[in-house]
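Note sheet for the following structure.
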Number of protein chains: 2
Amino acid sequence: MKEIQEARIKRYFIDACKEIIRGEGVNSVSVRTIAERAGYSFATLYNYFKDIKELFIICVDEFLLESEEFIISRNIKSTGKQAILDKSIAFTMFFLQYPSIFKLVFTEDIRELRSQTTFKDKLDGIFSNLLSSDWNELVIENKKIKEELIKNTIYSSLLLYLNRFSPKEYKTFIDSITQQIKYILSFDDI
Amino acid sequence: MKEIQEARIKRYFIDACKEIIRGEGVNSVSVRTIAERAGYSFATLYNYFKDIKELFIICVDEFLLESEEFIISRNIKSTGKQAILDKSIAFTMFFLQYPSIFKLVFTEDIRELRSQTTFKDKLDGIFSNLLSSDWNELVIENKKIKEELIKNTIYSSLLLYLNRFSPKEYKTFIDSITQQIKYILSFDDI
DNA sequence: TTACAAAAATTAACAACGTTAATAATATTA
DNA sequence: TAATATTATTAACGTTGTTAATTTTTGTAA
């Protein structure tokens with residue numbers, strides 16, 4: 001009973017934080033803005049979270065889950081290589097929609113080593129879940145390293161596009177990712 | 001004469017900033033710590049830079065040049081594919097040596113669109129300069145997209161390793177990059 | 001219901017941040 | 001030497017994350 005109430009209040013803070021990031025952006029997020037939206041004083045946050053980074057880590061986890069749900073909700077009908085490409089682009093789109101989510105998830109300084117160690121596992125899990133059936137359809141080699149190359153292409157392209165404004169044009173950005181993924185998938189064709 | 005003196009004082013601030021980033025790390029950098037090391041009051045910085053981001057952008061540019069010099073200084077003797085691999089690893093090593101430099105160059109929030117637009121051009125220029133002769137030795141196709149894949153592999157791997165502590169082991173990290181670059185270079189072999 | 005103890009939430013306060021305005025110190029020129 | 005322009009400094013503001021002290025609320029026993 002005590003735990004339920006505590007979880008409920010934690011939820012208010014988590015949702016407030018996520019809302020601000022989605023709306024005003026990660027630069028508008030602060031202990032005070034979060035608490036205000038949650039309906040509490042800023043100091044109350046510290047009764048439920050060790051510090052603001054602990055809250056951020058929870059948001060990172062939930063945003064990652066949302067990215068997976070986002071791709072599933074797109075109901076992609078294609079199969080094989082085309083499905084891998086489509087889902088990769090969908091994943092990219094999720095972060096394009098909310099650049100601040102990318103910033104929080106990938107670049108924000110949240111060094112909570114306990115949770116951090118599994119970050120990449122979670123990321124890998126998303127791709128693994130989404131793409132495993134598509135990979136199985138294909139008769140190609142080195143699927144694992146191909147998936148790694150695709151992921152790195154996406155992360156790096158998002159980093160440069162959202163953080164360093166390169167390329168300037170959206171179309172150039174998408175075309176570049178598409179071309180690279182297609183190229184990766186074209187290797188070792190049997 | 002006026003310009004020389006002004007450039008000289010700007011240099012004090014730039015060098016102070018770079019020193020702190022190399023030494024104590026980017027988290028220790030502030031208007032006050034920079035000015036203190038430069039031998040001036042914190043407000044003096046604003047007589048020479050619009051804001052701290054303008055100073056950061058200059059440091060980003062200089063660190064990028066340093067990364068190129070670092071690779072050249074390694075005096076890599078290999079040729080062809082091996083040279084491309086060796087230089088790629090050397091580039092990675094530069095940022096491993098100073099994680100804060102990676103943070104500043106790739107993830108820090110320095111939205112000065114004027115200068116930002118050419119950031120990727122500078123990055124591309126480094127690789128282009130260093131690798132062009134090595135590429136010329138090779139009789140393979142799609143050199144441009146291969147170089148892009150290699151760069152994205154490096155940036156993304158550094159991002160996850162330095163920012164999200166994945167993988168945990170240094171050796172795993174280097175092996176993964178090496179394997180991916182070798183794989184990219186193995187395509188289209190003639 | 002009343003009195004007390006435990007829990008939760010709030011206000012006050014601190015040090016550090018980037019930045020600007022007002023002031024002091026220094027150079028330059030007449 | 002006196003007046004002016006330039007450069008540097010201190011004071012101050014609003015914001016940040018965080019902690020301590022304090023108030024408010026909740027739960028329990030008489």
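Letters A, B, ... are given to chains in the order of the sequence lines, protein chains preceding strands, and every chain is numbered from 1.
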Could you check if a side-chain atom of A/Tyr161 sits within less than 4.5 angstrom of a side-chain atom of A/Ser166, using non-hydrogen atoms only?
no
Can you tell me the distance, in whole Å, between the CZ atom of A/Phe49 and the C1' atom of C/dA8?
15 Å
Which nucleotide wins on minimum distance to the side chain of B/Ala43, given the candidates D/dT10, C/dT19, D/dA8?
D/dT10
Take atom OH of B/Tyr46 and atom C1' of D/dT9, then tell me their distance rounded to the nearest Å.
15 Å
Name the orientation class of the two ring planes belonging to A/Tyr155 and A/Phe127 (parallel below 30°, tilted from 30 to 60°, perpendicular beyond 60°).
perpendicular
Separation of atom CZ in B/Arg32 from atom C1' in D/dC13, rounded to whole Å
11 Å
Quick check on the 6.0 Å ring-centre criterion: do B/Phe91 and B/Phe95 meet it?
yes
Once you round it to whole Å, what is the distance between P of D/dT15 and CD1 of B/Ile52?
19 Å
Roughly, in whole Å, what's the span from OH in A/Tyr40 to P in D/dT23?
22 Å
What is the separation between atom CG on B/Asn47 and atom P on C/dA21, rounded to the nearest whole Å?
13 Å
Just checking A/Ile9: base, sugar-phosphate only, or nothing, at a heavy-atom cut-off of under 4.0 Å?
sugar-phosphate
From CZ of B/Phe42 across to C1' of C/dT23 the rounded distance in Å is 13 Å
Counting any heavy atom closer than 4.0 Å, what does A/Ser30 reach on the DNA or RNA strands: base, sugar-phosphate only, or nothing?
sugar-phosphate
Please determine whether a side-chain nitrogen or oxygen atom of B/Ser41 lies at a distance below 4.0 Å from atom OP1 or OP2 of D/dA8.
no
Can the ring centres of B/Tyr98 and B/Phe63 be said to be less than 6.0 Å apart?
no
A/Glu6 atom CD is separated from D/dT26 atom C1', nearest whole Å, by 16 Å
